[in-house]
S.K.: 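The structure is given below, and queries will be raised subsequently.
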Amino acid sequence: MSKSFLFSLFLISILAQNIFGQLSTQDSIRLKGIAQIALDTVRNKDLSKIDSLKKIKTPFKINPKLATKKSAMIPGWGQAYAKQYWFIPIIYAGFGASTFGILYNGKRYQILKKAYFETSAANALDPTITKGKITLNKVDYELSIANLKQYTNYFRRNRDLSWLSIPVVWAVNVLEINVAAHLKSFDLSDDISMKFEPSFEPTVTGMPSLGGKVVFAFR
């Protein structure tokens, strides 16, 4: 075997080692990059799952004090905040009934009061005039002075009561949301904590008697 042939084999072995070394280095770098990308993908998916779970596990909590303040400022606002929408029409129906009572009784009070004063003044000049005429809903009525006075006082009292019913409805609106908000924020779970505690009871001899008691904690 000649020296040139042996020298050629030596050069070929060195070149092969360099080539395979470079290939292995590139492959390892490439594999590390692929592994890092896969790890980042898994990590992002886990973070998105954690965020979604946080959104699910944070229920809406009602603040009774804030709900009461809202309804005290604007009737029905606290009910809307507490998502108790069904009670809002009831509140405004109460205000509507109060407004109707004010207008209905106020109109009749003004008509009867005018007829009463006019008839009373006419009676003072002419005692034979004992009745006055009024018109309600296009219907004429003839009433005595006593009846005019009686009906005037009746419709005036009803008108005043209608005015007073407005703050009552407002107060009911505030009281209702205060109670409802406290009930909604109260823990109604079935979890009842129970624990056993030792107890010492006095005896006739003066020496304490060792015993025990079961304590239930309702949340």
S.K.: What are the two closest non-hydrogen atoms of Ala67 and Ala181, and how far apart are they?
M.R.: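 Taking every non-hydrogen atom into account, CB-CB, 4.2 Å.
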S.K.: Looking at Leu112 and Tyr151, what are the two nearest heavy atoms and their distance?
M.R.: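 Minimum heavy-atom contact is CD1-CB, 3.6 Å.
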S.K.: Examine Val179 and Val168 and state if one hydrophobic cluster contains both, with Ile, Leu, Val, Met, Phe, Trp and Tyr joined whenever side-chain heavy atoms are less than 4.5 Å apart.
M.R.: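 Per the 4.5 Å side-chain linkage, Val179 and Val168 are not co-clustered.
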S.K.: Please round to the nearest 0.5 Å and tell me the distance separating atom CD of Glu118 and atom CG of Leu148.
M.R.: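 Answer rounded to 0.5 Å: 10.0 Å.
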S.K.: So does Tyr154 get a backbone contact from the side chain of Tyr109, meaning a donor-acceptor N/O pair under 3.5 Å?
M.R.: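 Not confirmed, Tyr109 side chain does not pair with Tyr154 backbone.
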S.K.: Can a donor-acceptor pair be found, under 3.5 Å and without considering hydrogens, that links the side chain of Asn178 to the backbone of Pro64?
M.R.: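 Absent.
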S.K.: Report, one line per pair, each donor and acceptor closer than 3.5 Å where one atom sits in a side chain of residues 128-138; sequence neighbours left out.
M.R.:
{"residue": "Thr128", "atom": "OG1", "partner": "Asp126", "partner atom": "OD1", "Å": "2.6"}
{"residue": "Thr128", "atom": "OG1", "partner": "Asp126", "partner atom": "OD2", "Å": "3.0"}
{"residue": "Thr135", "atom": "OG1", "partner": "Asp140", "partner atom": "OD1", "Å": "2.6"}

S.K.: Please report the interatomic distance CZ(Arg156) to CG(Asn153), rounded to the nearest 0.5 Å.
M.R.: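 The CG atom of Asn153 is 5.0 Å from CZ of Arg156, to the nearest 0.5 Å.
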S.K.: Tell me who clusters with Tyr92, hydrophobic residues only, linked when side chains sit under 4.5 Å apart either directly or through other members.
M.R.: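 Members alongside Tyr92: Met73, Ile74, Trp77, Tyr85, Trp86, Phe87, Ile88, Ile90, Ile91, Phe95, Ile102, Trp163, Ile166, Val169, Trp170, Val174.
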S.K.: Indicate if Val139 and Leu143 have the same hydrophobic cluster label, given that clusters are the connected sets of ILVMFWY residues with side-chain heavy-atom separations under 4.5 angstrom.
M.R.: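 Same cluster.
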S.K.: As a quick check of understanding, evaluate side-chain contact (heavy atoms from CB on, under 4.5 Å) for Glu176 and Gln84, giving each step before the final call.
M.R.: CA-CA 11 Å; Glu176 188 277 334; Gln84 198 171 341; 2.6 Å; yes
S.K.: Provide the closest heavy-atom pair for Ile177 versus Ala82 in the form atom of the first, atom of the second, distance.
M.R.: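 Shortest heavy-atom separation between Ile177 and Ala82 comes out as CD1-CB, 3.8 Å.
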S.K.: If you apply the rule side chain to side chain donor-acceptor pair (under 3.5 Å), what do you find for Ser120 with Asn123, and how did you get there?
M.R.: CA-CA 5 Å; Ser120 297; Asn123 178 260; over 6 Å; no
S.K.: Run the side-chain contact (heavy atoms from CB on, under 4.5 Å) test on Arg157 and Asp160 for me, step by step, so that the C-alpha distance in whole Å, both residues' side-chain angles and the decisive distance to 0.1 Å come before the verdict.
M.R.: CA-CA 5 Å; Arg157 183 173 62 253; Asp160 294 343; 5.7 Å; no
S.K.: Just verifying a value: how many Å separate Glu142 CD and Asn147 CG, rounded to the nearest 0.5 Å?
M.R.: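 One finds 11.0 Å between CD of Glu142 and CG of Asn147.
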S.K.: State the NE2-CG distance between His182 and Asn63, to the nearest 0.5 angstrom.
M.R.: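 One finds 9.0 Å between NE2 of His182 and CG of Asn63.
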S.K.: Is the NZ or CZ atom of Lys149 both under 6.0 Å from the centre of the six-membered ring of Tyr116 and within 45° of that ring's axis?
M.R.: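 Here Lys149 fails the 6.0 Å and 45° test against Tyr116.
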S.K.: Applying the 4.5 Å side-chain criterion to the ILVMFWY set and letting contacts propagate, would Ile111 and Phe100 be lumped into a single cluster?
M.R.: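 Hydrophobic grouping puts Ile111 with Phe100.
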S.K.: Just to verify, what does Asn105 make a side-chain contact (heavy atoms from CB on, under 4.5 Å) with, not counting sequence neighbours?
M.R.: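 For Asn105, the residues satisfying side-chain contact (heavy atoms from CB on, under 4.5 Å) (neighbours in sequence not counted) are Phe155, Asn158, Arg159, Ser162.
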